[in-house]
Asker: 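This is the structure I want to talk about, given as structure tokens.
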Amino acid sequence: SVDFSRYGIGMETEHCFSIGDHVSLVIRTDDSTVTEITGIICNRTKLDQSFRCGIRFHLGIKDDELDLLEEHVSAVIH
């Protein structure tokens, strides 16, 4: 991943997703799965040999679940 917050994630991928595509993500560390979450592609930029996509997480998630997700993932990627 390139960028992460409680509201979404920016990531680089070889797949050319379309804006508006719904995606399912599994966020994991080397030894365990942190969470499974759904989102929507809200922007896409062509890089040299890949794409950078902005994914907004599904808004039906409760704030306490977002707090926990942000806490766990931030500990791993920062």
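On a predicted model such as this, the values are computed, not experimentally measured, just so you know. Both backbone and side-chain heavy atoms feed into the values below; hydrogens, waters and symmetry mates do not.
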Asker: Flag yes if Ile37 and Ile40 sit in one hydrophobic cluster, no otherwise; membership is Ile, Leu, Val, Met, Phe, Trp, Tyr, and two members link when side-chain heavy atoms are under 4.5 Å apart.
Answerer: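 Different hydrophobic clusters.
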
Asker: Got a second to check how far Ile55's CD1 is from Leu25's CG, nearest 0.5 Å?
Answerer: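 It comes to 4.5 Å.
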
Asker: By side-chain contact (heavy atoms from CB on, under 4.5 Å), which residues pair with Cys16, not counting sequence neighbours?
Answerer: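 Residues passing side-chain contact (heavy atoms from CB on, under 4.5 Å) with Cys16: Arg44, Phe51.
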
Asker: In Å, rounded to the nearest 0.5 Å, how long is the span from CD1 of Ile41 to CZ of Arg56?
Answerer: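 With rounding to 0.5 Å, CD1 (Ile41) is 10.5 Å from CZ (Arg56).
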
Asker: Not counting sequence neighbours, which residues clear side chain to side chain donor-acceptor pair (under 3.5 Å) with Ser50? List them please.
Answerer: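 With sequence neighbours excluded, Ser50 shows a side chain to side chain donor-acceptor pair (under 3.5 Å) to Glu12, given in chain and number order.
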
Asker: Could you tell me the separation between the SG atom of Cys53 and the CG atom of Leu47, rounded to the nearest 0.5 Å?
Answerer: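 If I round to the nearest 0.5 Å, the distance is 9.0 Å.
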
Asker: Could you note down all residue pairs passing ring-ring contact (aromatic ring centres under 6.0 Å, His included) where residues 16-46 supplies at least one of them, sequence neighbours left out?
Answerer: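 Qualifying pairs, neighbours excluded: His15-Phe17.
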
Asker: Tell me, which pairs form a ring-ring contact (aromatic ring centres under 6.0 Å, His included) where one or both residues lie in residues 27-48, sequence neighbours left out?
Answerer: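 Sorted pair list comes back empty.
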
Asker: Which atoms form the tightest heavy-atom contact between Gln49 and Glu14, and what is the distance?
Answerer: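 Result for this residue pair: O-CG, 4.4 Å.
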
Asker: Listed by chain and number, what are the side-chain contact (heavy atoms from CB on, under 4.5 Å) partners of Asn43, not counting sequence neighbours?
Answerer: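 Partners of Asn43 by the side-chain contact (heavy atoms from CB on, under 4.5 Å) criterion come out as none, since no residue qualifies.
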
